[in-house]
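The structure appears right after this line, and notes come after that.
These numbers come from the heavy atoms of this one structure, side chains and all, not from hydrogens, waters or symmetry mates. In each ligand, atom 1 is the first atom listed, and ligand 1 is the first ligand listed.
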Amino acid sequence: MSFQPEQNVDLAELTTFKIGGQAAFYTVVTSADELPEIFAWLKSNNLPHFILSGGSNTIFDDGTFKGVVIKIDIKGFELLSEDEITTCIRVGAGENWDAIVAKTIDLKLSGIEALSGIPGMCGAAPIQNIGAYGQEIKDTTVSVEVFDTDTGVVTSLTNAECEFEFRNSTFKATQKDRYIITAIILKLSKLPASIPQYKDAISYFKKKNIATPNLPQIRRAILEIRRNKFMDPAVMPNAGSFFKNPIVSEEIANKIMADNPSIKLYPEDTKIIPLGGNKYKIAAGWLIQELGLKGLELEKVRIDPNHALVLENKGGASQKDLKELVSKIQDSAIKKYGIALEPEPVIVEF
Ligand code: EPU
């Protein structure tokens, strides 16, 4: 067998949070064809694997992973088919997400423009059903090509089989760790795009007096809104939104509203969104601010002073340091409102 992974590789630099110890073995995969041999090697050596994509949603353990970290770097961009109003594209899992968004906009295709500026690679996008400014990848996904580690073959999952939910999919839930995404197939629209129906975007175009922006204008708007809001991981390492926006009961929502009588419900404001069925989605960033924790600093980690949903590594932080901050936030949310805040990035324990 010719598979020869690298040995004793530092993991922190492979992620945007810059946290983590080492991998005993590490390899970069550039084609799905390499996977069967790697999995045969893993099996014969009885070792575990961990799939790494862009590293923008991964927080590694401080110790040593005894198996193989497999970085997916499978490239490729193809136009598969088109009709009068749609075009289907196939994109390799290792293509940079935002570069592909830019490319689809150059091709005058809409459907993922509001997802401009999201860090990471295309293969990771369906795992947590990335979403922003009213679009989610589930809305344009036709199918996802995968290597099935159970059977050792490359196959494909339909949109329904992906079981997409808010920041969730079968890849994180019922079939966690079974599939390795090798490519995604998206169906995009040739019809004119419209302003994302989201407060920040609506006020951006109102200010500029643009009623029917084109795709490049929408992309520019989203990139500008994100730049002003989210800390650049190159400046201070982070993983974007750290907690999922929790869905709570009417009873909890009423308590939050009683404590904050000036808050208006969505669409007038985006802090508390009624979902129907006596359920409410709460903006976790605002909740953390309301708990008085925005800007809280520990020695090596902090809550961003401008957007409380973003936790940051001030330099040299360990996963242990971060977990201490996470626990403080979670304890506070439980104590005041009985809300269990769930981290959105993958916190890997070896
Ligand atoms: N807010 C505060 N204080 C804060 C942070 C937020 O009051 O410190 C308020 C905002 O003013 C707003 C509300 O909370 O009224 C919601 O905040 P924001 O508009 O920034 O959106 P979000 O709920 O924090 C979500 C996604 C982001 C996505 C944006 C835009 C989640 C967990 N986060 O953030 O996705 O970009 O909406 O659509 O769903 C990601 O998943 O990593 C991510 C960045």
Side-chain angles (χ1 to χ4, degrees), residues 15-17 53-59 97-98 101 112-121 124-139 164-169 172 195-204 218-219 221-233 237-248 256-257 259-260 262-273 275 280-296 302-312 326 329 332-333 339 341-347:
T15 72
T16 62
F17 226 117
S53 180
S56 57
N57 211 40
T58 303
I59 297 154
W97 171 260
D98 191 51
V101 175
I112 53 174
E113 64 281 359
L115 306 177
S116 288
I118 294 185
M121 302 295 153
I127 298 177
Q128 58 150 326
N129 181 22
I130 58 166
Y133 306 103
Q135 286 177 351
E136 289 182 308
I137 194 171
K138 76 167 171 57
D139 306 330
F164 289 121
E165 287 173 17
F166 169 65
R167 294 300 181 278
N168 204 6
S169 73
K172 275 186 101 169
I195 296 178
Q197 287 308 297
Y198 194 94
K199 210 169 95 188
D200 294 351
I202 294 168
S203 59
Y204 174 98
I218 295 175
R219 175 170 166 80
I222 299 293
L223 290 178
E224 199 178 310
I225 293 166
R226 290 187 72 94
R227 223 180 357 256
N228 289 331
K229 201 158 64 168
F230 293 113
M231 168 63 83
D232 180 353
N238 70 77
S241 296
F242 197 88
F243 294 101
K244 293 185 192 177
N245 290 328
I247 293 167
V248 306
I256 296 175
M257 285 185 273
D259 285 355
N260 300 276
S262 63
I263 297 268
K264 301 208 166 45
L265 285 183
Y266 183 83
E268 281 175 78
D269 206 338
T270 42
K271 296 175 175 73
I272 304 179
I273 305 176
L275 300 176
Y280 292 79
K281 185 145 97 180
I282 311 295
W286 170 75
L287 187 72
I288 294 166
Q289 175 182 312
E290 209 274 319
L291 293 168
L293 299 173
K294 190 168 176 170
L296 175 71
R302 70 169 193 178
I303 301 175
D304 187 285
N306 297 311
H307 198 300
L309 197 50
V310 182
L311 307 193
E312 293 159 358
V326 171
I329 299 166
S332 173
I339 295 177
L341 284 176
E342 236 182 275
E344 189 268 298
V346 181
I347 300 179

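Looking only at atom types and distance, the side chain of Asn129 has no donor-acceptor partner in the side chain of Glu165 under 3.5 Å away.
If you check which protein heavy atom lies closest to atom 34 (O) of ligand 1, you get Ser241 OG, 4.1 Å. Nearest protein heavy-atom contact of atom 8 (O) of ligand 1 is Ala308 N, 2.8 Å. Summary of contacts: the protein heavy atom closest to atom 38 (O) of ligand 1 is Tyr133 N, 2.7 Å. For atom 9 (C) of ligand 1, the closest non-hydrogen atom on the protein side is Trp286 CB, 3.8 Å. Of the protein's heavy atoms, His307 NE2, 4.2 Å lies nearest to atom 17 (O) of ligand 1. Summary of contacts: the protein heavy atom closest to atom 11 (O) of ligand 1 is Lys271 NZ, 3.9 Å. The shortest contact between atom 23 (O) of ligand 1 and any protein heavy atom is with Asn245 ND2, 3.0 Å.
The side chain of Lys229, and not its backbone, has at least one atom closer than 4.0 Å to an atom of ligand 1 (non-hydrogen atoms only; side chain from C-beta on). Here Ala283 has side-chain heavy atoms under 4.0 Å from ligand 1, and that is the only part of it that gets that close. Within the 4.0 Å heavy-atom criterion, the part of Gln289 lying near ligand 1 is the side chain and not the backbone. Counting heavy atoms under 4.0 Å from ligand 1, residue Phe243 touches it through the backbone alone. Contacts between Leu309 and ligand 1, counted as non-hydrogen atom pairs separated by less than 4.0 Å, involve the side chain only. Contact annotation for Asp269 and ligand 1: only side-chain heavy atoms (C-beta onward) come within less than 4.0 Å of the ligand.
Close approach of ligand 1 to Lys294 is summarised as follows: ligand atoms under 4.0 Å from at least one heavy atom of the residue are 3 (N), 4 (C), 8 (O). Those atoms of ligand 1 that come under 4.0 Å of a heavy atom in Glu344, given as number and element, are 41 (O), 42 (O). Listed by number with element, the atoms of ligand 1 under 4.0 angstrom from any heavy atom of Tyr198 are 18 (P), 19 (O), 21 (O), 30 (C), 37 (O), 38 (O). The contact set between ligand 1 and Ala132, taken as ligand atoms under 4.0 Å from a residue heavy atom, comprises 28 (C), 36 (O), 38 (O). In the vicinity of Phe166, heavy-atom distances shorter than 4.0 Å reach the ligand 1 atoms 39 (O). The Phe230 neighbourhood of ligand 1 comprises atoms 36 (O), 44 (C), with distances under 4.0 Å to a heavy atom of that residue. Close contacts of ligand 1 with Arg167, meaning ligand atoms under 4.0 Å from a residue heavy atom, involve 26 (C), 27 (C), 31 (C), 33 (N), 35 (O), 39 (O), 41 (O).
Ile118 has its side chain out of reach of Val101: every pair of non-hydrogen atoms, C-beta onward, lies at least 4.5 Å apart. Looking at Gln197 and Ile202, their side chains come closer than 4.5 Å, going by heavy atoms from C-beta outward. You'll find the side chain of Glu136 reaches within 4.5 Å of the side chain of Phe166, heavy atoms only. Residues Trp286 and Asp269 are not in side-chain contact: their nearest non-hydrogen atoms beyond the backbone lie 4.5 Å or more apart. Contact annotation: the side chain of Ile59 approaches that of Phe242 to within less than 4.5 Å [non-hydrogen atoms, C-beta and beyond]. Side-chain atoms of Glu224 and Tyr204, non-hydrogen and from C-beta on, do get closer than 4.5 Å to each other. Side-chain atoms of Leu265 and Met257, non-hydrogen and from C-beta on, do get closer than 4.5 Å to each other. When side chains are defined from C-beta on, Asp304 does not count as touching Asn238, because their heavy atoms never get closer than 4.5 Å.
Among residues two or more places apart in sequence or in another chain, the side-chain contact (heavy atoms from CB on, under 4.5 Å) test is passed with Ile127 by Phe171, Lys172, Ile181. With sequence neighbours excluded, the residues that form a side chain to side chain donor-acceptor pair (under 3.5 Å) with Asp98 are Arg219.
Shown here for Gln135 and Leu115, the closest heavy-atom pair between the two residues is O-CD2, 3.3 Å. Across all their heavy atoms, Ser203 and Asp200 have their closest contact at OG-O, 3.3 Å.
Of the listed options Ile272, Thr270, Leu293, Thr270 places a heavy atom closest to atom 15 (O) of ligand 1.
Within the structure, ligand 1 has Gly131 among the residues with a heavy atom less than 4.0 angstrom away. Distances from ligand 1 to the non-hydrogen atoms of Arg226 include at least one value under 4.0 Å.
For atom 30 (C) of ligand 1, a protein heavy-atom neighbour is present inside the 4.0 Å cut-off.
In summary, of the residues considered (Ile339, Val310, Leu341), a side chain to side chain contact (heavy atoms under 4.5 Å, CB included) with Phe243 occurs for Leu341 alone.
When only interatomic distances are considered, the shortest N/O to N/O separation between Gln128 and ligand 1 does not fall below 3.5 Å.
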